[in-house]
Amino acid sequence: SAAMKRSRAAMAAGDIGGDASSASLLDESEFAAINESMQAYDKQRENIIKSTRDVLKNSKQAIFALHRGDRDKAVSLLDEAEAKARA
């Protein structure tokens, strides 16, 4: 981004660590955009983790159902797991 190029140019010119009145390397709108992007990424990540947990839980329960001889329940649980994985 433009801010990164400015900061690299400032480093190359030895203009780092100036006084408090020097311009910020990252303006507030750029920071807000980065923050918004990170929040969206984190929300998507959390949704993926939750979905994965649900799929694993259903798969585990399907295995237990098979061990008990309950094939119909196992098939139902695996169908739910597949639906969640594809969502």
Got Lys60 and Ile63 here, is their nearest side-chain heavy-atom distance under 4.5 Å?
no
Checking the side chain of Gln44 only, and the main-chain atoms of Tyr41 only, is there a donor and an acceptor separated by less than 3.5 Å?
no
Which atom names give the shortest non-hydrogen contact between Ser59 and Leu78, and what distance separates them?
CA-CD2, 4.4 Å
Side-chain heavy atoms of Val75 within contact of Leu77, under 4.5 Å
no
Tell me the salt bridge (charged side-chain N to carboxylate O under 4.0 Å, His left out) pairs involving residues 73-87, sequence neighbours left out?
Glu82-Arg86
Exercise answer: donor-acceptor pairs, residues 46-55 side-chain atoms, under 3.5 Å, sequence neighbours excluded:
from: Asn47; atom 1: ND2; to: Lys43; atom 2: O; distance (Å): 3.4
from: Lys50; atom 1: NZ; to: Asp54; atom 2: OD1; distance (Å): 3.3
from: Lys50; atom 1: NZ; to: Asp54; atom 2: OD2; distance (Å): 3.0
from: Ser51; atom 1: OG; to: Asn47; atom 2: O; distance (Å): 3.1
from: Thr52; atom 1: OG1; to: Ile48; atom 2: O; distance (Å): 2.8

Over all atoms of both residues, closest heavy-atom pair of Asn58 and Ala81
ND2-N, 3.6 Å
Sorted by chain and number, sequence neighbours left out, side-chain contact (heavy atoms from CB on, under 4.5 Å) with Ile34 holds for Leu26, Met38
By side-chain hydrogen bond (donor to acceptor under 3.5 Å, both in side chains), Ser37 pairs with (sequence neighbours left out) none
